[in-house]
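All values below were derived from every heavy atom in this structure, side-chain atoms included, with hydrogens, water molecules and symmetry-related copies excluded.
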Amino acid sequence: MSTLLSVADVHIAYGKVEAVRGVSLEVGANEIVTIIGANGAGKTTLLNAIMGVLPLRGRTSFAGTDMAPSDIEDRVATGLSLVPEHRELFGTMNVEDNLELGAFRIAKAVAAQSLERVYALFPRLKERRKQLAGTLSGGEQQMLAMGRALMGAPKLLMLDEPSLGLAPIIVADIFRTVGELRAAGVSVLLVEQNAQAALQIADRAYVMELGEFVLQGSAKDIASNTRVAASYLGFQ
Ligand code: ATP
């Protein structure tokens, strides 16, 4: 496996409180890796710090380069992208304008190609390209947030709780698209409370509790772990 993202012994604190304590993880090229865990485990904090939104202590590298000196813009430029938990769309702008915001740093011709790729992945967004983002359904808003993050043609897409607030049928749709991304050569780091859906699609998984990884392995092994089944999959 050629490593794309490497995080080693990372600590992240809010003031004096450490929310993430000594976490290490890797995401390889063409891999879907999931971090599952309960509310408040530190998953969002970790993604935000990898993106450069929060400071961290520890070692991080992306595509073989130390990430410490780079800001958010540098990270986007090298192929890292985050779809935040609350989607953060511009509700009074239409679908296409929101997508184009994801490509403002890249040449017009490349952006046009990106737009076609995103529309091929999410035909619904093409149908609704003139509709205001704030009037889309929750599932369409999640597709738009993912589409905007894909406009810059990332190598690794980080998704924070894409299933949040969505009906199971829409979740299945979103997760199918995540699988298509891997087939198209995009790696995915997926944070989810919906462990069942995440473990079905992921190659590997980390289980996070109280700021630490307590288990890791292939998604198949994690899904059949009795502790995981009891705590996260609703089986006793
Ligand atoms: P969720 O699914 O609810 O987002 P999570 O696993 O992503 O949960 P985080 O949101 O990363 O967890 O929170 C980890 C810990 O850090 C929690 O104890 C939370 O209360 C705390 N925390 C999160 N954001 C802040 C903040 N801005 N200031 C202080 N503490 C915070």
Side-chain angles (χ1 to χ4, degrees), residues 32 43-44 47-54 62 70-194 197-198 201:
I32 299 176
K43 307 179 300 295
T44 296
L47 285 199
N48 285 340
I50 293 171
M51 197 64 222
V53 180
L54 288 173
F62 186 68
S70 41
D71 60 17
I72 299 173
E73 297 249 331
D74 298 332
R75 290 171 203 216
V76 172
T78 53
L80 187 62
S81 196
L82 170 67
V83 182
E85 186 169 359
H86 297 294
R87 296 164 193 157
E88 292 168 21
L89 300 168
F90 293 92
T92 56
M93 289 169 62
N94 72 27
V95 165
E96 194 147 298
D97 290 343
N98 268 279
L99 288 175
E100 277 167 1
L101 280 177
F104 77 95
R105 296 176 199 81
I106 57 184
K108 269 214 152 76
V110 181
Q113 281 172 9
S114 283
L115 193 62
E116 283 319 306
R117 263 204 322 269
V118 167
Y119 282 154
L121 203 58
F122 299 108
R124 185 83 69 93
L125 294 182
K126 188 169 187 179
E127 284 163 24
R128 303 197 170 225
R129 62 186 182 279
K130 296 299 170 202
Q131 189 170 326
L132 297 185
T135 67
L136 296 172
S137 70
E140 290 162 353
Q141 291 193 5
Q142 180 60 38
M143 291 173 197
L144 180 53
M146 287 170 68
R148 184 180 57 185
L150 289 167
M151 285 293 289
K155 295 190 184 96
L156 174 64
L157 187 68
M158 298 194 290
L159 295 171
D160 195 353
E161 299 273 1
S163 75
L164 198 69
L166 303 182
I169 190 164
I170 312 289
V171 173
D173 226 26
I174 299 278
F175 276 60
R176 188 166 340 108
T177 311
V178 171
E180 287 172 24
L181 287 177
R182 175 180 47 197
V186 181
S187 299
V188 176
L189 180 56
L190 171 67
V191 153
E192 263 298 340
Q193 277 187 49
N194 185 342
I201 193 170

Atom [atom1] in [X], atom [atom2] in [Y]: separation rounded to 0.5 Å?
X	Y	atom1	atom2	result
Leu80	Met51	CG	CE	4.5 Å
Met146	Leu99	CE	CG	12.5 Å
Leu101	Leu89	CG	CG	10.0 Å
Ile201	Ile32	CD1	CD1	4.5 Å
Gln141	Leu166	CD	CG	9.5 Å
Ser137	Leu144	OG	CG	10.5 Å

With a 4.5 Å heavy-atom cut-off, do [X] and [Y] have their side chains touching?
X	Y	result
Arg117	Leu150	no
Ile174	Leu159	no
Leu190	Pro162	yes
Glu100	Leu115	yes
Val95	Lys126	no
Val178	Leu157	no
Asn48	Leu82	yes

How far apart are the closest heavy atoms of [X] and [Y], and which atoms are they?
X	Y	value
Ser163	Phe175	CB-CE1, 4.2 Å
Leu156	Leu189	CD1-N, 3.8 Å
Phe122	Gly147	CE1-N, 4.0 Å
Ala197	Val171	CB-CG1, 4.3 Å

Backbone of [Y] reached by a side-chain donor or acceptor of [X] within 3.5 Å:
X	Y	result
Lys155	Thr78	yes
Glu96	Arg129	no
Asn98	Phe90	yes
Arg75	Ile50	yes
Asp71	Gly52	no
Ser81	Ala149	yes

| All pairs passing salt bridge (charged side-chain N to carboxylate O under 4.0 Å, His left out) where residues 133-145 contributes a residue, at least two apart |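 Residue pairs passing salt bridge (charged side-chain N to carboxylate O under 4.0 Å, His left out), neighbours aside: Arg124-Glu140, Arg128-Glu140.
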| query | Of Glu161, Arg148, Gln142, Met158, which meets side chain to side chain contact (heavy atoms under 4.5 Å, CB included) against Val83? | reply |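 Only match with Val83 under side chain to side chain contact (heavy atoms under 4.5 Å, CB included): Gln142.
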